[in-house]
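Atoms considered below: every heavy atom in the structure, side chains included; atoms not considered: hydrogens, waters and symmetry mates.
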There are 2 protein chains.
Amino acid sequence: MLQASVDIDTSEALTERQKAVLDAALRLLVEEGDQLTMTAVARRASCSKETLYKWFGDRDGLLTAIVQWQASKVRVVPVDGKGLTLASLTVSLARFASDWLKVISSDTSIALNRVAIGRAGSGNDDLGAIVLENGRFALARRLKPVLEAGRQAGLLEFTDAEAAFRTFFGLVARDVQIRLLLGDQLKLTDAAIGGDAVRATQQFLALYGAKTGPQGPLEPDDFRSSRPEI
Amino acid sequence: MLQASVDIDTSEALTERQKAVLDAALRLLVEEGDQLTMTAVARRASCSKETLYKWFGDRDGLLTAIVQWQASKVRVVPVDGKGLTLASLTVSLARFASDWLKVISSDTSIALNRVAIGRAGSGNDDLGAIVLENGRFALARRLKPVLEAGRQAGLLEFTDAEAAFRTFFGLVARDVQIRLLLGDQLKLTDAAIGGDAVRATQQFLALYGAKTGPQGPLEPDDFRSSRPEI
DNA sequence: GCCGAACCGTAACGTACGGTACGCCCTTCG
DNA sequence: CGAAGGGCGTACCGTACGTTACGGTTCGGC
């Protein structure tokens, strides 16, 4: 839907020093919010403003570089659908849900989404597109093969993988992201995230699980850990 | 969770002229996004900047007044749960879903949420709290009585109305709001909104509907219209 | 008709910040 | 060892914008 153009490999020509500067800028962005000033970045990163402008062009370029840098740090763990069982599918879905909740509730994600949304109003929708591409759309790209594998294995029933994905997305995220973005002091403990992930997964299976055979609800014990992805 | 303090009756001491100024400012906000300037508001509203400052204190006060003014325009239509049937409950839920989708996809809502989210980073979380209070939380206050009535009538089964509401919220909104806020050019026709509302309602009933008796899926024809609320 | 209050239009002020220029240090290489 | 260049620190410029001040106009009350 949005651009295939910005499917960034970026993080290429970045020296260690530049990565360090971007990390400092990112930390500052998380602390200060949108009124991130070039002078503050230079001071925090112990570099000169002139260097910032030489490397990133202008403030927008710096912001874009920060977002892409953060995106490049989130690496994809491919999931293959061999020998898929209901149990393994369930675990995969729950882990996706858990990872996703951890991401959207992280300070970094909140700060990045805030600045991207703030700029989305004014012409320059680069940031919004990048965030969307590396957030919502990246998740869809990773999850859809799992859903398809589940359908191939006769565990799921759906005609439109996109629609199924969006339902899963809604069941997982619910009102969490918008509340956090608007400043609601929502407390998401690891336990709460795990519970929400399991609940969302069970609800999704109730809606899209194949109706073949009696399929009792899974016990929480059937779900196993999750690895944060940043 | 957030504030009971800001449960605004505002729109009280507002003269017609002031309302007109706020309307002009709101229109400008929708057009210009966050870089709304006091000079531009004064020019658009044909008033002096001095008047703006006298009435609203400062730029933040103006923004707050705009948000509260818009909030005060959205009036609640109480829904009573007398003689509730599965059909009438279904129609009520679908109408809530449709109304909600119309709201979050409106230019006004997007602009307001953007500015509130932009400011949520910097101390001043008034705007975020107000938007939350008049959006997400207002919807919950309106919908929960319907859910409770549905449970009383034996049509729904749940233990936690808040959890049920949040699931409904997720099924309705899915990724729509975040995509729109980030600048995705999502096209939501009235037909698409109606279809999504019906789908979300059916999914919600599949998850929370009472299991008593055979309950075949409803036909789209069973759903009737919806009234936009702004 | 006169007075004061409210309000319009605009000029002016102060500041914050994006962007640029320059001097100096430190490393590297011829 | 000297020249060059990358990069740090800082001073500086221009501008946009929030905020204030002021002169002129309209309007209701006496």
Quick one: [X] [atom1] to [N] [atom2], roughly how many Å, whole number?
| X | N | atom1 | atom2 | result |
| --- | --- | --- | --- | --- |
| Arg43(A) | dC17(C) | CZ | C1' | 12 Å |
| Leu52(A) | dG7(D) | CG | C1' | 11 Å |
| Leu63(A) | dG18(C) | CG | C1' | 13 Å |
| Lys54(A) | dC22(C) | NZ | C1' | 13 Å |
| Tyr53(A) | dG7(D) | OH | P | 17 Å |

Distance-only donor-acceptor check, side chains Ser48(A) and Thr51(A), under 3.5 Å: yes
Between Arg44(B) and Glu32(B), does any NZ, NE, NH1 or NH2 come within less than 4.0 Å of an OD or OE carboxylate oxygen? no
Ser98(A) (side chain) donor-acceptor with Ala94(A) (main chain) under 3.5 angstrom: no
Does [N] have OP1 or OP2 sitting under 4.0 Å from an N or O in the side chain of [X]?
| X | N | result |
| --- | --- | --- |
| Thr51(B) | dC8(C) | yes |
| Arg59(B) | dA16(D) | no |
| Trp55(A) | dG6(D) | no |
| Arg17(B) | dC8(C) | yes |
| Ser46(B) | dC8(C) | no |

State whether the distance check finds a donor on one side and an acceptor on the other, under 3.5 Å, for side chain Glu50(B) versus base dC7(C). no
Select base, sugar-phosphate, or nothing to describe what Lys49(A) touches, counting heavy atoms under 4.0 Å on all strands. base
Which part of the nucleic acid does Leu62(A) contact within heavy-atom distance under 4.0 Å: base, sugar-phosphate only, or nothing? nothing
